[in-house]
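Here is the structure we will look at.
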There are 2 protein chains.
Amino acid sequence: MGTPSSHADQTELAICAAFPTDLTMLLHAAAGRMTDDLDLAAVQMGLNDVRDWLVLAALDDGRQRTQLELSRVVCVDKTTLISVLDRLEKHELIVRSVDPSDRRVRIPAITPTGRKVYAKFAIARDMAEACALDGVDQSGRALLMDLLARIAHRQDASLSGV
Amino acid sequence: MGTPSSHADQTELAICAAFPTDLTMLLHAAAGRMTDDLDLAAVQMGLNDVRDWLVLAALDDGRQRTQLELSRVVCVDKTTLISVLDRLEKHELIVRSVDPSDRRVRIPAITPTGRKVYAKFAIARDMAEACALDGVDQSGRALLMDLLARIAHRQDASLSGV
DNA sequence: CTCGGATCGTCCGAGTCCAGACGATCCGAG
DNA sequence: CTCGGATCGTCTGGACTCGGACGATCCGAG
């Protein structure tokens, strides 16, 4: 699926070179940079892109979820999720089983193989993130995460009238 | 072009709900959140999405650039840039002129109208960013921008052997 | 039991992105 | 001057995304 070697979204990476002071572009650039590294690591262990390990991460907690619930959790369109699950199932990293109490729904579950692959990826991910924050002290990291979470979860921008 | 009301990339936004501690997902979520707001503001003043005002921002400094140089500066694929420029030119926000010294190249330039639209957008952008950082003191903002820039500009991840 | 509406996963069509091909143009070697 | 290679903008084909439609299934009202 796609060309894993290229950026997930090419607008993100190099913007910063031109406009280093803009918050939004910096966020995109930083996110794109991290994703590039993570996609690379994912490809090295047979996953395709960010969605693959996102789904595995969600399934790794063992909770039973329908595909629709899963698509909401990882915020991937339910249509797109199908192709992701198809691929993961083909590689035997997950299985889809029919819920006996509701034959409409499919319950995707991670396999031992999938768990192993995800664990391996998680190590690479943690390494990449540690590397990205190398030299930043603990309070700085906490502040960064807090600010990012605040921006991400902020409810409304209320910039209606301009 | 596209559906401006939806997210630029649906993987970015709600990931945080599931995995709030992951740096990469937080970056994506925060970037997606900001972009959603900015895209909304852009649509309200006739632009289409992030690429439109990105191009305008790059052209606003008045420097002469070929389309290829421009595509590199804003990190938009040169093929995709064509459609952006076509649309901006149709709305008379930019003009493409042929460089007399090299008839292969086209020099896009922002028009007074384009400059006006971009200035209007820049106000909304600054408002959105100020809103996002509301309640964060100056040293916190500086630290955030510094860390983001560091992550974005980091040269290599060196996570080859896992 | 029956049946109409709601909800699941899947499929299809329109739109988008981008690697590679293409014509037009430039430029340096001869 | 000529001409082969490099570089510009544009076009095209294949792959992907996602809104809406579809069949299958569930469930509550009657």
Side-chain angles (χ1 to χ4, degrees), chain A residues 1-14 28 32 35-36 39 43 47-52 54-55 64-90 94-109, chain B residues 1-14 28 32 35-36 39 48-52 54-55 64-90 94-109:
Chain A
M1 173 181 286
T3 55
S5 60
S6 71
H7 316 274
D9 178 3
Q10 90 298 345
T11 61
E12 299 172 3
L13 189 56
H28 270 279
T35 301
D36 282 353
D39 273 353
V43 168
L47 303 177
N48 254 330
D49 69 354
V50 64
R51 287 178 185 79
D52 282 31
L54 210 52
V55 168
Q64 292 213 342
R65 276 184 267 253
T66 70
Q67 292 188 188
L68 197 59
E69 289 167 345
L70 182 60
S71 80
R72 277 196 281 259
V73 168
V74 298
C75 213
V76 169
D77 184 86
K78 65 170 182 169
T79 307
T80 306
L81 180 62
I82 291 177
S83 60
V84 175
L85 292 179
D86 283 347
R87 178 174 54 251
L88 292 177
E89 192 168 32
K90 190 169 64 185
I94 66 148
V95 289
R96 268 186 276 213
S97 59
V98 180
D99 184 346
S101 72
D102 185 347
R103 291 211 303 267
R104 288 173 305 176
V105 310
R106 306 293 146 84
I107 308 292
Chain B
M1 173 179 288
T3 57
S5 59
S6 70
H7 315 279
D9 179 4
Q10 89 297 347
T11 62
E12 298 173 2
L13 190 54
H28 270 279
T35 301
D36 282 353
D39 274 352
N48 254 329
D49 69 355
V50 62
R51 286 177 186 77
D52 282 33
L54 209 51
V55 168
Q64 292 213 343
R65 276 184 267 254
T66 69
Q67 292 188 189
L68 197 59
E69 287 167 347
L70 181 60
S71 79
R72 277 196 280 259
V73 167
V74 297
C75 214
V76 168
D77 183 87
K78 65 171 183 171
T79 308
T80 306
L81 181 63
I82 291 177
S83 61
V84 176
L85 293 178
D86 284 347
R87 178 175 54 252
L88 292 176
E89 191 168 32
K90 190 169 62 184
I94 65 149
V95 288
R96 268 187 274 214
S97 57
V98 180
D99 184 347
S101 72
D102 184 347
R103 290 211 305 267
R104 289 173 304 175
V105 310
R106 306 291 146 83
I107 307 292

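Every chain is numbered from 1 and lettered A, B, ... according to where its sequence line falls, protein lines coming before strand lines.
- Remark: dC1(D) base-pairs with dG30(C). Criterion, Watson-Crick or G-U wobble with two distances under 3.5 Å.
- For Arg103(A), counting side-chain heavy atoms from C-beta on, the closest listed nucleotide (dT12(D), dT17(D), dC26(D)) is dC26(D).
- Rounded to an integer number of Å, the gap from Ile82(A) CD1 to dC11(C) C1' is 8 Å.
- Rounded to whole Å, the distance from CG on Asp86(B) to P on dT10(D) is 7 Å.
- Judged by distance alone with a 3.5 Å cut-off, no donor-acceptor contact links the side chain of Thr80(A) to the base of dC16(D).
- The side-chain heavy atoms of Val55(A) and Leu70(A), taken from C-beta on, include a pair separated by under 4.5 Å.
- When each of Val84(B), Leu81(B), Asp77(B) is checked for a side chain to side chain contact (heavy atoms under 4.5 Å, CB included) with Arg51(B), only Val84(B) meets the rule.
- What you find for Ile94(B) and Pro108(B) is that their closest heavy atoms are CD1-CB, 4.4 Å.
- Contact of the Asp99(B) side chain with the Arg106(B) side chain is not registered, since no non-hydrogen atoms from C-beta on lie closer than 4.5 Å.
- For the residue pair Glu69(A) and Gln64(A), the shortest heavy atom distance occurs at OE1-O, 4.2 Å.
- As rounded to whole Å, 9 Å separates atom P of dG9(C) from atom CG of Leu85(A).
- You'll find the side chain of Arg72(B) stays beyond 4.5 Å of the side chain of Arg65(B), heavy atoms only.
- Rounded to whole Å, atom C1' of dG9(D) lies 9 Å from atom CZ of Arg96(B).
- Of the nucleotides present, dT25(C) is the one that pairs with dA6(D) by Watson-Crick or G-U wobble criteria, both distances under 3.5 Å.
- The nearest pair of heavy atoms linking Val50(B) to Thr35(B) is CB-CG2, 4.4 Å.
- Ser83(A) contributes no side-chain N or O that forms a donor-acceptor pair with the base of dC16(D) under 3.5 Å.
- Contact annotation: Arg51(B) side-chain N/O to dC17(C) OP1/OP2 distance is under 4.0 Å.
- Of all nucleotides present, only dT12(D) satisfies the Watson-Crick or G-U wobble test against dA19(C), with each distance under 3.5 Å.
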Tabulate atom names and distances for all N/O pairs under 3.5 angstrom spanning the protein and nucleotides 4-8 of chain C.
residue, atom, partner, partner atom, Å
dT7(C), O2, Arg104(A), NH1, 2.7

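- Nearest nucleotide to the Asp77(B) side chain, out of dA19(C), dC11(C), dT10(D): dA19(C).
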